[in-house]
Amino acid sequence: MARLAASVVASGLVMAGALVGAGGAVADETPQHQGGAAAVLDGLKTFDRAVLHADGRNQELPAGLFEMTVDGGGKLKTYCIDIHNPTQDQAKYLETPWNQTSLGSNKNAGKIRWILEHSYPQVDDLAELAQKAGTGPLTEKTAAAGTQVAIWRYSDNVDIEASDSQAEKLADWLEDSAVDQAEPKASLALDPAAVSGKSGERLGPVTVRTNAGQVSVTPPADAASGVKVTDKAGKPLTAAANGAELYFDVPEGAADGTASLTVQATTSVPVGRAFAGVTKSQTMILAGSSETTVSAVATGTWAKKGAIPAVSAKKNCAKGGVDVTASNEGDEAFTFELAGVKHTIEAGKSETVTVPVAEDQAYDFTITGPGGFTKTFKGVLDCKTSGSATGGTETQTGGDKTPATSGGSSTGGSGDLAETGGSSATPVIAGVAIALVVVGGGAVFLLRKRKDQTSAQ
């Protein structure tokens, strides 16, 4: 640590962070988000009961549809794909690619999407659904319960049945009928989420990926810098469509700095998109969406000379960590160090380093540098579902402020939550520190505007 501190004082960009227990709060800055919808959990609203069979015992639990309120406007309906983890009251959720959740390694993920497309609430004519499935009369509650049970059989590979006989018949029909479908595209994302280059150039391109007809483009707020968002030819943009390429147009002689652009749209989020908690909470999958506000952010960094890095991050479930990607569009190499290993990135090159993070672990990485340059990447690595039925199957119902426990235990006490709120695969690791030192190679950065950053998809 003494050597690390000395290198920090000397020069360069510094990436420092701490891993905290899964139950600990993530700091109040927005975690990295690859774009799309961000929402707050309102609770389990439409549900019936189900029985989980495991370890020689039967455990009753609620099964059905959750609702979320989207930041900026809109409502989402979701099902759980993480039965052994509890939900947290008013938890914040972010639209997330499958490969950054347990769905990435689940060979049946496509069948879950088929179930969503062919059951309630996407099929809201319950008489028609009952006829197709041969169930007998269905209500919204039993249709939701049967759908959730079928999803759990594929998402968590559990032995579970709906308490209601019609709901159980629906679950069986959905499970038997499901066929593989591809992951839906993101509602909105920018690729890449960070670019860099020299003053006097157009930095980019940053490509818009969206299912919306059009997105609004908000340029950097610091008008004094003269930086504009344009197309490849230099025409300023205030709106764009899917596939459009955006550029940061940086004036010649502009002081070294960083700026961000934001794109936003109102659209329906595609059914089957995953939603992961900012803090530890049941991973969800989208069953229905109103017209909803979605957004994405990208940053541009420029300098007159030297190393000019662009930095982004995203979860890597396959490797069990967070990928930190640094590219260098400057004219000098720069070096960063992680866990004693140095990586030198030549001018015009890029490199990705995976920071190991334990399953269910919260992480908080902040990259800072001379002139006030800073970026923070936060989140929880939640890539697996537990194979143990002794884990938490608590779920939030209605507007309750405490979880409704499914195993017959009392609720609200910290002892109960500790016992049932995590799985055998939920280590609590505290006080682990990691640091990444990126030596700037003479580059000087001036922060023009600090915003919470997204990561490239």
Side-chain angles (χ1 to χ4, degrees), residues 26-39 70-74 92-97 100 186-197 203-212 214-223 225 227-230 236-242 244-250 257-267 269 273 275-276 278 292-302 309-315 322-327 365-367 372-379 445 447-457:
V26 173
D28 58 0
E29 298 178 21
T30 302
Q32 80 264 18
H33 186 200
Q34 292 175 246
V70 178
D71 295 356
K92 184 70 173 287
Y93 279 81
L94 302 176
E95 184 180 343
T96 304
Q100 295 182 41
S187 62
L188 179 59
L190 292 174
D191 182 23
V195 294
S196 64
L203 316 183
V206 175
T207 304
V208 177
R209 309 291 187 192
T210 184
N211 68 340
Q214 182 173 280
V215 300
S216 63
V217 180
T218 303
D222 185 2
S225 69
V227 177
K228 300 177 181 178
V229 179
T230 70
L237 296 174
T238 58
N242 181 50
E245 294 184 338
L246 311 180
Y247 292 80
F248 291 87
D249 194 322
V250 182
T258 297
S260 64
L261 66 86
T262 302
V263 295
Q264 183 172 295
T266 300
T267 188
V269 181
R273 290 295 289 172
F275 278 78
V278 170
T292 291
T293 300
V294 295
S295 62
V297 178
T299 60
T301 300
W302 62 91
V311 184
S312 62
K314 65 178 180 180
K315 299 175 188 178
V322 178
D323 283 345
V324 178
T325 299
S327 61
F365 305 147
T366 297
I367 302 174
F373 181 93
T374 181
K375 274 191 177 183
T376 299
F377 303 108
K378 302 172 183 285
F445 297 88
L447 179 66
R448 291 288 185 191
K449 180 175 178 63
R450 190 180 190 303
K451 282 190 176 182
D452 295 322
Q453 305 301 319
T454 61
S455 64
Q457 181 164 353

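Here the structure is a predicted model, which is why all the values come from computation and not from measurement.
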Are side-chain heavy atoms of Lys228 and Pro219 found at a separation under 4.5 Å?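 In short, these two side chains do not touch, never coming nearer than 4.5 Å.
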Would you say that Phe248 contacts Thr230 through its side chain, given a criterion of any heavy-atom pair below 4.5 Å between the two side chains?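 No; the side chains remain at least 4.5 Å from each other.
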Considering residues at least two apart in sequence or located in another chain, which fulfil the side chain to side chain contact (heavy atoms under 4.5 Å, CB included) criterion with [X]?
X: Glu245; result: Pro205, Thr207, Tyr247
X: Ala240; result: Val208, Val215, Val217, Ala244, Leu246
X: Thr325; result: Ser312, Thr352

Exam field: side chain [X] to backbone [Y], donor-acceptor pair closer than 3.5 Å:
X: Glu95; Y: Ser187; answer: yes
X: Thr218; Y: Leu261; answer: no
X: His33; Y: Ala38; answer: no
X: Thr96; Y: Leu94; answer: yes

If you take all heavy atoms of [X] and [Y], which pair is closest and at what distance?
X: Arg273; Y: Pro97; result: NH2-N, 4.0 Å
X: Ala265; Y: Ala212; result: CB-CB, 3.8 Å
X: Pro220; Y: Val229; result: CD-CG2, 3.7 Å
X: Phe275; Y: Tyr93; result: O-CD2, 3.5 Å
X: Val294; Y: Ala37; result: CG1-N, 3.8 Å

Going by salt bridge (charged side-chain N to carboxylate O under 4.0 Å, His left out), name the residues that satisfy it together with Asp323, two or more places apart in sequence or in a different chain.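 Expected list: none.
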Residues forming a side-chain hydrogen bond (donor to acceptor under 3.5 Å, both in side chains) with Thr210, sequence neighbours excluded: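 Listed in chain order: nothing, the list is empty.
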Identify, with sequence neighbours excluded, every residue that meets side-chain hydrogen bond (donor to acceptor under 3.5 Å, both in side chains) alongside Ser327.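 side-chain hydrogen bond (donor to acceptor under 3.5 Å, both in side chains) list for Ser327, sorted by chain: empty.
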Could you go step by step and tell me if Asp249 and Val227 meet the side-chain contact (heavy atoms from CB on, under 4.5 Å) rule? CA-CA 6 Å; Asp249 194 322; Val227 177; 5.9 Å; no
Ignoring hydrogens and geometry beyond distance, is a side-chain donor-acceptor pair present between Thr258 and Thr301 at under 3.5 Å?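 Thr258 vs Thr301: donor-acceptor pair found between side chains.
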Can you tell me how far the NZ atom of Lys315 sits from the CD atom of Gln34, to the nearest 0.5 Å?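 Here the interatomic distance stands at 9.0 Å.
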Passing candidate, side-chain contact (heavy atoms from CB on, under 4.5 Å) with Leu188, options Thr293, Thr267, Val263, Asn242: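 Filter result, single survivor: Val263.
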